[in-house]
Amino acid sequence: ALAVVLTAAVSFETFKAWKLKRNQTWADTYSYALSLQNQGKYDESIVVLDKMQQANHGIYADIARLQTANILFEQGKQEEALNILNILVQDKKVNGKLRNMAAVKLASYKLDTAPSEEIKELLRPLVDENTSWRNIALEMLAMLAIRDKDIDGAKKMYTDILNTDNVPEALKARVQDMLSILDSEQ
């Protein structure tokens, strides 16, 4: 029994050490890809990120996909980048927090041109599930309402933001400014 307990304890510690080393390797690889990107070596950075995606099916692969989209945006390859974000948002295997981040980013790029229903479909879950992205999603939905000339709807969403606990001061100031502008326009 003692041998089994010791073997289990050693195996657990060995597994823990292996997992820590693997995560450090992925973090180092990701840092290297960012360094290449910062040097303007976009293609090389994408190659490193692609290898991360192929070798790892966990959160590091998801982060690599998101970063690939960022690089493509920097290169002006909007459609390719939007496609990656869309895939991230639709893939239920992707880490939920990263999926939410991809949804906000995708909605922000599509806010001026996409049909209202498409933007609402992206952002409503963030509001309804009361995620950490809720206020940002509400702000974007308010901007969408303004775009669609639904001023009362925009005011309601801005007011919802103000009525939320722990709203950052910068967001609160932005919302109050928008409400003042909307009031003065009517």
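Keep in mind that the numbers below use all heavy atoms, side chains included, and drop hydrogens, waters and symmetry copies. These figures come from a predicted structure and were not determined experimentally.
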K.L.:
Tell me every residue that passes salt bridge (charged side-chain N to carboxylate O under 4.0 Å, His left out) with Lys110, counting only those two or more places apart in sequence or in another chain.
P.N.:
Glu118
K.L.:
About how many Å separate CG of Asp112 and CD1 of Ile119, when rounded to the nearest 0.5 Å?
P.N.:
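The distance works out to 9.0 Å.
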K.L.:
Residues two or more places apart in sequence or in another chain: which of them pass salt bridge (charged side-chain N to carboxylate O under 4.0 Å, His left out) with Asp50?
P.N.:
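Result, salt bridge (charged side-chain N to carboxylate O under 4.0 Å, His left out) vs Asp50: none returned.
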K.L.:
Kindly write out the residues that satisfy side-chain hydrogen bond (donor to acceptor under 3.5 Å, both in side chains) with Asp148, not counting sequence neighbours, or none if the list is empty.
P.N.:
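For Asp148 the side-chain hydrogen bond (donor to acceptor under 3.5 Å, both in side chains) partners, ignoring immediate neighbours, are Ser116.
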K.L.:
Once you round to the nearest 0.5 Å, how far does CG of Leu72 lie from CD1 of Ile84?
P.N.:
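It comes to 5.0 Å.
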K.L.:
Checking the side chain of Thr29 only, and the main-chain atoms of Thr25 only, is there a donor and an acceptor separated by less than 3.5 Å?
P.N.:
yes
K.L.:
Taking all atoms of both residues into account, what is the closest heavy-atom pair of Ala154 and Ala145, and its distance?
P.N.:
N-CB, 3.7 Å
K.L.:
Is any side-chain heavy atom of Met52 closer than 4.5 Å to a side-chain heavy atom of Ile63?
P.N.:
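Result no, sub-4.5 Å side-chain heavy-atom pair not found.
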K.L.:
Salt bridge between Asp183 and Lys155, side-chain N to carboxylate O under 4.0 Å?
P.N.:
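Yes, charged N to carboxylate O under 4.0 Å.
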K.L.:
Can you name the nearest heavy-atom pair linking Gln75 to Ile46, along with the distance?
P.N.:
OE1-CD1, 4.0 Å
K.L.:
For Leu49, which of Gln54, Gln67, Gln37 qualifies under side chain to side chain contact (heavy atoms under 4.5 Å, CB included)?
P.N.:
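The side chain to side chain contact (heavy atoms under 4.5 Å, CB included) with Leu49 is passed solely by Gln67 among Gln54, Gln67, Gln37.
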K.L.:
List in chain and number order the residues that pass side-chain hydrogen bond (donor to acceptor under 3.5 Å, both in side chains) with Asp28, two or more places apart in sequence or in another chain; answer none if no residue qualifies.
P.N.:
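Counting only residues at least two positions away or on another chain, Asp28 forms a side-chain hydrogen bond (donor to acceptor under 3.5 Å, both in side chains) with Gln24.
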K.L.:
Quiz question: by atom type and distance under 3.5 Å, do the side chains of Glu80 and Asn83 form a donor-acceptor pair?
P.N.:
no
K.L.:
In this structure, are over 12 heavy atoms from other groups packed under 6.0 Å from Gln78 atom CD?
P.N.:
yes
K.L.:
Once you round to the nearest 0.5 Å, how far does CD1 of Ile136 lie from CG of Asn100?
P.N.:
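Those atoms lie 12.5 Å apart.
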K.L.:
For the atom pair CG (Leu144) and CE (Met157), what is the distance rounded to the nearest 0.5 Å?
P.N.:
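It comes to 7.5 Å.
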K.L.:
Under the side-chain hydrogen bond (donor to acceptor under 3.5 Å, both in side chains) test, which residues partner Asp160, sequence neighbours left out?
P.N.:
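Result, side-chain hydrogen bond (donor to acceptor under 3.5 Å, both in side chains) vs Asp160: Lys156.
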K.L.:
Please write out which residues are connected to Ile87 in a hydrophobic cluster, directly or through intermediates, given that two of Ile, Leu, Val, Met, Phe, Trp, Tyr count as joined at side-chain heavy-atom separations below 4.5 angstrom.
P.N.:
none
K.L.:
What closest approach, in Å, do Thr131 and Pro125 show between heavy atoms, and which atom pair accounts for it?
P.N.:
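Scanning both residues, the minimum pair turns out to be CG2-O, 4.4 Å.
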K.L.:
Are Trp133 and Ile59 co-members of a hydrophobic cluster defined by side-chain heavy atoms under 4.5 Å apart?
P.N.:
yes
K.L.:
Does any part of the side chain of Arg65, heavy atoms only, come nearer than 4.5 Å to the side chain of Asp91, both counted from C-beta?
P.N.:
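Contact flag for Asp91/Arg65 side chains = yes.
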K.L.:
Show, in sequence, the C-alpha distance, side-chain angles and deciding distance for Leu122 and Met140, and conclude whether the side chain to side chain contact (heavy atoms under 4.5 Å, CB included) test is met.
P.N.:
CA-CA 11 Å; Leu122 280 169; Met140 292 176 75; over 6 Å; no
K.L.:
Suppose the criterion is salt bridge (Lys or Arg N to Asp or Glu O under 4.0 Å): which pairs have a residue in residues 127-143, not counting sequence neighbours?
P.N.:
Glu139-Arg174
K.L.:
Could you pull out the closest heavy-atom pair between Leu98 and Val94, with the gap in Å?
P.N.:
CB-CG1, 4.2 Å
K.L.:
What's the shortest heavy-atom distance between Asp62 and Asn95, and which atoms?
P.N.:
OD2-N, 3.1 Å
K.L.:
Starting from Tyr32 and following side-chain heavy-atom contacts under 4.5 Å between hydrophobic residues (I, L, V, M, F, W, Y), which residues can be reached?
P.N.:
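Leu36, Val48, which link up through side-chain heavy atoms under 4.5 Å apart, make up the rest of the cluster.
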K.L.:
What pairs of residues pass the ring-ring contact (aromatic ring centres under 6.0 Å, His included) test when at least one of them lies in residues 76-130, not counting sequence neighbours?
P.N.:
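Applying ring-ring contact (aromatic ring centres under 6.0 Å, His included) to every pair that reaches into residues 76-130, excluding sequence neighbours, yields Phe73-Tyr109.
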K.L.:
List for me each residue that meets salt bridge (charged side-chain N to carboxylate O under 4.0 Å, His left out) alongside Lys41, sequence neighbours excluded, and say none if there are none.
P.N.:
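Partners of Lys41 under the salt bridge (charged side-chain N to carboxylate O under 4.0 Å, His left out) test: none.
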K.L.:
Sequence neighbours left out, what pairs pass ring-ring contact (aromatic ring centres under 6.0 Å, His included) with at least one residue falling in residues 136-166?
P.N.:
none
K.L.:
For Leu141 and Arg124: C-alpha separation, side-chain torsions, deciding distance, then whether side chain to side chain contact (heavy atoms under 4.5 Å, CB included) applies.
P.N.:
CA-CA 9 Å; Leu141 287 168; Arg124 272 291 159 212; 3.8 Å; yes
K.L.:
I'd like to check the salt bridge (charged side-chain N to carboxylate O under 4.0 Å, His left out) partners of Glu169; sequence neighbours left out, ordered by chain and number.
P.N.:
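Glu169 satisfies salt bridge (charged side-chain N to carboxylate O under 4.0 Å, His left out) with Lys172 only.
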K.L.:
Taking the side chain as every heavy atom from C-beta outward, state whether Leu111 and Arg147 have any pair of such atoms under 4.5 Å apart.
P.N.:
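A side-chain contact is absent here, since even the closest heavy-atom pair is not under 4.5 Å.
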K.L.:
So which heavy atom on Val89 is nearest to which on Ala102, and how close?
P.N.:
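Minimum heavy-atom separation between Val89 and Ala102: CG2-C, 3.7 Å.
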K.L.:
Using side-chain heavy atoms (C-beta onward) and a distance below 4.5 Å, is Leu85 in contact with Leu66?
P.N.:
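Yes, their side chains come closer than 4.5 Å.
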K.L.:
Between the side chains of Glu44 and Gln39, does any donor sit under 3.5 Å from an acceptor?
P.N.:
no
K.L.:
Evaluate side chain to side chain contact (heavy atoms under 4.5 Å, CB included) for Lys105 paired with Asn70, printing each intermediate quantity in order.
P.N.:
CA-CA 10 Å; Lys105 190 169 190 96; Asn70 290 338; 2.8 Å; yes
K.L.:
Quick check on the hydrophobic clustering: are Val167 and Val127 connected, directly or via other members, by side-chain heavy-atom contacts under 4.5 Å?
P.N.:
yes
K.L.:
Can any side-chain N or O of Ser45 pair as donor or acceptor with the backbone N or O of Tyr42 at less than 3.5 Å?
P.N.:
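Not a single qualifying donor-acceptor pair exists.
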K.L.:
Side-chain contact test, heavy atoms from C-beta onward, threshold under 4.5 Å: evaluate it for Leu179 versus Leu162 and give yes or no.
P.N.:
yes
K.L.:
Would a 4.5 Å heavy-atom cut-off, applied to side chains only, mark Thr68 and Gln53 as touching?
P.N.:
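In contact.
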